[in-house]
Amino acid sequence: MASDETLIRFSSVSKIYGTEVQVHALKEVSLEFKRGEFVAITGPSGSGKSTLLNLLGALDRPTSGTLEIGGVRLNDLDADGLSRLRRIHLGFIFQFHHLLPDFTALENVLVPSRICVGVAKPPDISEAKALLERVGLGSKFDSKPAQLSGGQQQRVAIARALARKRSIVLADEPTGNLDSVSGNEVFELMKEFNRSEGTTFLIVTHDQNLARKTRRMITVVDGKIATDVTPEKSVEPA
Amino acid sequence: MIFGFYTALRYVQSGRNQTILMLCLVMVGVTAYTFITATVQGIQSDVIRNSLGSSSHVTIEPFDDLPIVDRTIDRGQVLSTIQTGQQREKKISDWPSEIARLGELPEITVISPAVLGSGFVERGTQSRPVSIRGGEPELMDRIVNIKKDLVEGVFDLSAGKAVIGITLAKKLNVSVSDRVRVISNRGVQTNVQIAGIVYAGNPIADESTIYVTLGDAQRLLRLDGSISAIEVKVKNVFDAAKVAEILRQRVKLKCTPWMENNTQVLTLISSQNIATGVIRAFALLSVALGIASVLNVTVTQKGKEIGIIKSMGAVQSQVLYVFIFLGGFIGLLGGLAGAFLSYVLNAALKVVSANTPKGAPSFATDFQMRQVWEAVIVAVLVAVIGAYIPARKASKLDPVEAIRGV
Ligand SMILES: Nc1ncnc2c1ncn2[C@@H]1O[C@H](COP(=O)(O)OP(=O)(O)OP(=O)(O)O)[C@@H](O)[C@H]1O
Ligand SMILES: [Mg+2]
């Protein structure tokens, strides 16, 4: 599924938090991701997974090193420049769905579209409806997040992350707050989108069972990449 | 902008406690603002009506004529001092052509010749000092505005007829069609018949003026066809000074706007204006501060939401507009509610407050639709200003920290 096109390139990226008491959260990490990859990132708590994901998602800046997303060097961008880059390429799914509580499911999926389009173009409602139908929420367009179950909320978040055909979706423990059944469903949905749309998924997870279902598994230990393996026995037929 | 507008609209629609709190804040502030404006305006128009409604706005008289004296000064010694001539009655002889020279101005509503002097009115053993006011009845009434206050008889100022105030009538113990003797300070006396009695509610008209025809007054005051002043009324009393200035160019006479003789009214109005301005400014300031502090809490609470919106690619200005619009909507809704509330309050107080003896409500207020729009616009501006600092704070939030919830 993965093409040869490199979407994300990390070269000796380090992240140090704090000024007085410094935490070296990432140490000289170099990584590359190609379009269409489906990657699990695992590792012990505090090892730097979220830090890595935030940098991959252009949410945060590295202390040193260079990173490139879609051919754009992030080091040169200001806060709004990073926002515009995220707008084009990146979708996020968090452990807690983080849907906007005042908006319905449909409106939540429309938010990325509303952020992008101006006065001239109305948001893409048909795309949003199609996405919600694909995550199995065709009957819940007008439900507010509070009226949905945890699994349903997370599926709305997936639809939102995929809106406007973003090429990369970053998920930080997307199943961490769900029981294993709905966790599995959510995971399968992401795989499904990876297969059909070619969307790149980078998923931080503690769940080894789920991690094993991916085609590439990166283990972060103490701010470094401990292993970066592509299991022979992929669940997906090649 | 569109995103901000839409998101803010949603926040208002979902009507959370903080939104309601802010709406109440604006409403109360605007009520205070509009209420004080209407009340003070009411008081002021009352004051203006009472003190200027029945008098001239610009009075045109001859200059105080100065005696011609030898003004040579010998070795620094003052040989003469100059005093205005007090013996001679000031008069405008060729008044029809002076009035013609005054011409027309859009601000002027009436120009009226007037003969003004003093004397006594006597009836039997009773004698009261009075001002004698002569004029052409219709024109004079448009200056002194007493015809509407007639309580007895008619406003008939033909030769030999007079109109007096109710207090004066009581003191002289006269009623309509009785005759009284008028003696001027020029030593002329004549008998007039009371044609009407007025109750104007002010001591000048009610107690100490006798209104007669121009001819009778001229004879009483030995004016011999001349008049003592030309009186002018203007539409907006505050234009009087400007009008006086223009009229000065047209006639070689002294043109005095009411402000120069009626400094108390002017001081009263301007100090009221200052006080109202201060009260209004503080009302608005407290609204702005209230919005700022409530919205600040909102921004903190919505930190995660803001982080998510930013993670989806919203730039700083988009987040800023969310809260600016939120402030604007609250200003608009709260402003309308406040304007409505103050309208109701005004109407209620008008009904509840006791009436004066003349039937006018004792609660002076002047509530105008213009004030509603003004208040709403002001409310929107103030709310937006109040929203600015929290909005900026929101726009600067770091998405990682916001989502982590630090
Ligand atoms: N904003 C921050 N300020 C200071 N230290 C931080 C900050 N964010 C993370 N850290 C530290 O950096 C290290 C890596 O944190 P990170 O959140 O990336 O770990 P993680 O692998 O995601 O852990 P978990 O599995 O518990 O989510 C930790 O020691 C953490 O305490
Ligand atoms: Mg983490």
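Every chain is numbered from 1 and lettered A, B, ... according to where its sequence line falls, protein lines coming before strand lines. In this text the structure is predicted, and so the values were computed from the model without any measurement.
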| query | Rounded to the nearest 0.5 Å, how far apart are CZ of A/Arg155 and CD1 of A/Ile93? | reply |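 So the gap between those two atoms works out to 12.5 Å.
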| field | Nearest-0.5 Å distance that lies between atom CG in A/Leu100 and atom NZ in B/Lys304 | value |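 Here the rounded value is 13.5 Å.
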| task | Go through the atoms of A/Asp60 and report whether side chain, backbone, both or neither lie under 4.5 Å from a heavy atom of chain B. | result |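 Answer is both: backbone and side chain atoms of A/Asp60 are under 4.5 Å from chain B.
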| So which part of A/Arg166 gets closer than 4.5 Å to some heavy atom of chain B, the side chain, the backbone, both or neither? |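 Answer is side chain: those atoms of A/Arg166 sit under 4.5 Å from chain B.
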| Which region of B/Lys396, side chain (C-beta onward) or backbone (N, CA, C, O), has a non-hydrogen atom less than 4.5 Å from a non-hydrogen atom of chain A, or is it both or neither? |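 For B/Lys396, neither part sits under 4.5 Å from chain A.
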| query | Which bit of B/Glu305 comes within less than 4.5 Å of chain A, counting heavy atoms only: side chain, backbone, both or neither? | reply |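 Both backbone and side chain.
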| Does the ring center of A/Phe187 lie less than 6.0 Å from the ring center of A/Phe38? |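 Centroid separation for A/Phe187 and A/Phe38: below 6.0 Å.
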| message | Can you confirm whether or not the ring centre of B/Tyr6 sits under 6.0 Å from the ring centre of B/Tyr11? | response |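 No, ring centres 6.0 Å or more apart.
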| message | As an exercise: rank A/Gly57, A/Gly91, A/Pro101, A/Ala79 by heavy-atom pairs under 4.5 Å with chain B and give me the winner. | response |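 So the answer, after comparing A/Gly57, A/Gly91, A/Pro101, A/Ala79, is A/Pro101.
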| message | Shorter than 4.5 Å, heavy atoms on both sides: which option in B/Ala314, B/Ser317, B/Pro399, B/Gly4 has the most such pairs with chain A? | response |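 With the most close heavy-atom pairs to chain A, the winner is B/Ala314.
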| task | Specify whether A/Phe92 and A/Phe94 have parallel, tilted or perpendicular ring planes, treating 30° as the upper limit for parallel and 60° as the lower limit for perpendicular. | result |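 Answer is parallel, since the angle falls under 30°.
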